[in-house]
Amino acid sequence: MTCEGCKGFFRRSVTKKIVYECKFNKCCHIDTFMRRKCQYCRLKKCVEQGMRMDLVLPEELNKTKREAKAAGSGSHLCSSESPNSLSEMKLSYMEGLSPEISELIKRTTLNNNNNFWPTDADLASISVILKFKIF
DNA sequence: CTTGTGAATATGACCTAT
DNA sequence: TATAGGTCATATTCACAA
Ligand SMILES: [Zn+2]
């Protein structure tokens, strides 16, 4: 649940993978006025309040979706290299990982119900996960 | 060092889609 | 119906000339 402003801000931030920077101490007070003054702290608060980046359609997938729609009725000529599903896309990030890490990621993000999300303890035990852009 | 101006970016209220 | 992406007028920031 969020306002339209933060909804748009969050979506733009995630899809474009923008990395903001706080000009102060990463602890700016965010309200309807100040939210426009520090994007870093705004995004930080969005996450703190529970907004999840994994609920934003990754740009790469969104692109194939748009292309499919733009193609109109004739759904031919679809020789795109882009992934056709979230699972397919996430799998491309699995290459080169140890089987243990790979399995852990699969179990926590690919096949299970939408409500499951790793706890801080889970994340701490697999800091390697932070390397993935999609997170 | 101020001010004006137009381009580039970001925002958010409203809309559409599933 | 709930929630996510799309739209685009408006607002803000930026670059640079005067
Ligand atoms: Zn800040």
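First the proteins, then the strands, lettered A, B, ... as listed; each starts at 1.
The shortest distance between the side-chain N/O atoms of A/N62 and the OP1/OP2 oxygens of C/dA4 is not below 4.0 Å.
Residues A/C38 and A/I30 approach most closely at O-CD1, 4.1 Å, considering heavy atoms.
In this view, A/E59 and A/R66 satisfy the side chain to side chain donor-acceptor pair (under 3.5 Å) rule, not counting sequence neighbours.
Every pair passing side-chain hydrogen bond (donor to acceptor under 3.5 Å, both in side chains) that includes a residue from residues 33-49 of chain A is listed here, sequence neighbours excluded: A/K44-A/E48.
Checking C/dG5, C/dT13, C/dT3 against the side-chain heavy atoms of A/M1 singles out C/dT3 as nearest.
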Quick tally for nucleotides 9-18 of chain B: nucleotides whose base has a protein heavy atom under 4.0 Å get B, sugar-phosphate-only ones S, the rest -, giving -SBBBB--SS

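Between the CG atom of A/L55 and the P atom of C/dA4 there is a distance of 6 Å, given to the nearest Å.
Residues A/C28 and A/C22 are in side-chain contact: their nearest non-hydrogen atoms beyond the backbone lie under 4.5 Å apart.
Checking side-chain atoms of A/D31 against main-chain N and O of A/F33 turns up a donor-acceptor pair under 3.5 Å.
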